[in-house]
Amino acid sequence: MRKILFITFFILTYQVSHSQGSLEIDSLTNNDSIVNATSKLGSRNLVISKSLADSAYIRNDFTTAIQIYEMILRTGESADIYYNLGNSYYKIGDIAKAILNYERALILKPANKDIRSNLEIARAKTVDKVTDVPELFFITWLKSITNSMGIQSWAIIAISFFLLFIVSIYFFFFSTKIVARKTFFILALFFLVFCVIANISAAFQRRVRLNRMNAIIISPSVTIRSTPNDNGTSLFILHEGRKVFIKDDSMKDWKEIQLEDGNVGWVKKNDLEVI
């Protein structure tokens with residue numbers, strides 16, 4: 001029993017260390033403090049910040065807001081900035097760029113209802129209507145649980161349950177009463193299960209954030225080819241705003257994409273942008 005608990009402790013320690021890594025990643029990508037970027041215009045330095053971008057948005061000067069938001073994002077990712085940028089693109093009628101930035105914001109904050117709602121509104125304006133492929137109910141259920149919170153929240157929960165697991169194990173070993181030992185053993189198993197679930201959820205979101213293989217078609221209309229060249233057979237046509245999965249990213253100027261229904265083909269790199 002002691003050996004099993006020791007092995008379990010070692011595995012959980014390793015997992016929690018990854019959760020702490022997830023916390024570090026999240027703190028870097030979700031820093032929504034005002035970021036200043038300086039640009040020289042002749043002899044003057046223009047300080048561009050989130051507050052200026054927000055002011056431009058309020059004045060309906062969406063072009064200026066887009067330029068400033070884009071500049072801020074060069075310093076690092078932020079769900080709020082992506083969301084505001086998506087709203088700005090939506091206001092000027094660039095649905096593809098709006099969807100692209102809503103999708104990027106959703107990766108950082110998968111549980112945010114405002115982002116998801118605006119994304120659905122933007123998708124409704126696209127030409128290509130996507131029919132979701134049916135999933136097994138438990139897969140849909142697991143996805144909903146995983147996306148119910150962000151990576152930072154899952155990491156904090158994982159660490160919390162790990163600490164509770166350690167406390168329960170401590171009292172299990174040092175309690176003299178059999179009832180108390182049984183109680184703490186059951187609690188340890190309970191905390192162990194939830195610690196593993198939280199770790200898996202955090203790891204899944206971390207992988208999605210780091211390995212981005214989805215993209216948005218940004219050209220008004222593109223022809224998907226059977227081979228990576230302009231002479232390839234025309235397979236089908238996609239329009240701006242359509243989300244695709246990049247199946248083959250090995251070529252410089254062409255990407256092999258896959259749709260939800262399994263159809264594959266090649267598209268020029270400049271016709272899409274990775275989420």
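Side chains of N101 and Y69: no donor on one and acceptor on the other come within 3.5 Å. A donor and an acceptor atom, one from each side chain of N229 and N231, are nowhere located under 3.5 Å apart.
Q205 places none of its side-chain heavy atoms less than 4.5 Å from the side chain of Q152. Under the 4.5 Å side-chain criterion, counting only non-hydrogen atoms from C-beta, L85 is in contact with I66. Side-chain contact between I224 and S234 is absent, with no heavy-atom pair separated by less than 4.5 Å. Taking the side chain as every heavy atom from C-beta outward, I99 and R123 approach each other to under 4.5 Å. In this structure the side chain of I275 reaches within 4.5 angstrom of the side chain of I216, judged on heavy atoms. Put simply, the side chain of K269 does not reach to within 4.5 Å of the side chain of W254, judged on heavy atoms. By the 4.5 Å heavy-atom criterion applied to side chains, Y90 and I121 are counted as neighbours. At least one side-chain heavy atom of W266 sits under 4.5 Å from a side-chain heavy atom of D248.
Atom CD1 of residue I72 and atom OG of residue S78 lie 8.5 Å apart, to the nearest 0.5 angstrom. Taking OG from S160 and CZ from F191, the interatomic distance works out to 10.5 Å, rounded to the nearest 0.5 Å. The OG atom of S221 lies 5.0 Å from the CD1 atom of I237; values are rounded to the nearest 0.5 Å. Within the model, atoms CG of L192 and CD1 of I169 stand 8.5 Å from one another, a figure rounded to the nearest 0.5 Å. Taking CZ of F162 as the reference point, atom CG of L164 lies at 11.0 Å (rounded to 0.5 Å). With rounding to the nearest 0.5 Å, the separation of CZ in R181 from OG in S175 is 7.5 Å.
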task = Could you walk me through whether D253 and K268 pass salt bridge (charged side-chain N to carboxylate O under 4.0 Å, His left out), step by step?
result = CA-CA 6 Å; D253 299 321; K268 288 184 178 179; over 6 Å; no

Stepwise side chain to side chain donor-acceptor pair (under 3.5 Å) test for N112 and Y83 = CA-CA 10 Å; N112 190 287; Y83 177 68; over 6 Å; no

request  = Begin from the C-alpha positions of K255 and D249 and carry the test side chain to side chain contact (heavy atoms under 4.5 Å, CB included) through to its verdict.
outcome  = CA-CA 6 Å; K255 305 296 177 186; D249 191 34; 2.4 Å; yes

task = Decide yes or no on side chain to side chain contact (heavy atoms under 4.5 Å, CB included) for I58 and S55, but give the supporting numbers first.
result = CA-CA 5 Å; I58 294 173; S55 297; 5.6 Å; no

query = Does the pair R212 and E103 meet the rule for a salt bridge (charged side-chain N to carboxylate O under 4.0 Å, His left out), with working shown?
reply = CA-CA 11 Å; R212 302 188 185 184; E103 290 278 7; over 6 Å; no

task = Decide yes or no on side chain to side chain contact (heavy atoms under 4.5 Å, CB included) for I257 and F245, but give the supporting numbers first.
result = CA-CA 5 Å; I257 63 170; F245 174 76; over 6 Å; no

key: Working for side chain to side chain contact (heavy atoms under 4.5 Å, CB included), residues K50 and D54   = CA-CA 6 Å; K50 181 179 179 295; D54 292 341; 2.9 Å; yes

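Hydrophobic clustering places I92 together with Y82 (ILVMFWY residues linked when any side-chain heavy atoms are closer than 4.5 Å, directly or through intermediates). Linking ILVMFWY residues whenever their side-chain heavy atoms come closer than 4.5 Å, directly or via other members, leaves Y102 and V244 in distinct clusters. Hydrophobic cluster membership is shared by L189 and I166, with clusters built from Ile, Leu, Val, Met, Phe, Trp and Tyr side chains linked at under 4.5 angstrom. The hydrophobic clustering, which links ILVMFWY residues whose side-chain heavy atoms are closer than 4.5 Å, places I107 and I217 apart. In this structure, V193 is not a member of the same hydrophobic cluster as I200, with clusters built from ILVMFWY side-chain heavy atoms closer than 4.5 Å.
A donor-acceptor pair under 3.5 Å is formed between the side chain of N199 and the backbone N or O of C195. Judged by distance alone, with hydrogens and angles left aside, the side-chain atoms of W154 form a donor-acceptor pair with the main-chain N or O of T146 at under 3.5 Å. Formation of a donor-acceptor pair under 3.5 Å by the S117 side chain with backbone atoms of K113 is not found in this model. One N or O on the side chain of R116 and one on the backbone of P110 form a donor-acceptor pair closer than 3.5 Å. Between the side chain of R242 and the main chain of D128, no donor-acceptor pair closer than 3.5 Å is present.
Ion pair K109/D80 flagged as a salt bridge, since at least one NZ, NE, NH1 or NH2 atom sits closer than 4.0 Å to an Asp/Glu carboxylate oxygen. Ion pairing between a basic and an acidic side chain is recognised when a charged N comes within 4.0 Å of a carboxylate O; R225 and D230 show no such pairing. In summary, K97 and E70 do not engage in a salt bridge, as defined by a charged side-chain N under 4.0 Å from a carboxylate O.
Aromatic ring centroids of F171 and F184 lie under 6.0 Å apart. Between F194 and F190, the distance from one ring center to the other falls under 6.0 angstrom.
Cluster note: I218 groups with no other residue, as no ILVMFWY side-chain heavy atom lies under 4.5 Å from it. Annotation for I186: hydrophobic cluster partners, listed by chain and number, are none (ILVMFWY side-chain heavy atoms under 4.5 Å, direct or chained).
For V264, the side chain to side chain contact (heavy atoms under 4.5 Å, CB included) partners at least two apart in sequence or on another chain are K247, E256, Q258.
The nearest pair of heavy atoms linking A65 to A56 is N-CB, 3.9 Å. Summarising the geometry of I157 relative to A198, their closest heavy-atom pair is CG2-CB, 3.9 Å, with the distance given to 0.1 Å. S226 approaches G232 most closely through the heavy-atom pair OG-C, 3.9 Å. Between L100 and E273, the shortest heavy-atom contact is CD2-CD, 3.5 Å. Pairing each heavy atom of A79 with each of A105, the nearest pair is O-CB, 3.5 Å.
Counting non-hydrogen atoms of neighbouring residues, nucleotides and ligands closer than 6.0 angstrom, the OH atom of Y170 reaches no more than 12 such neighbours.
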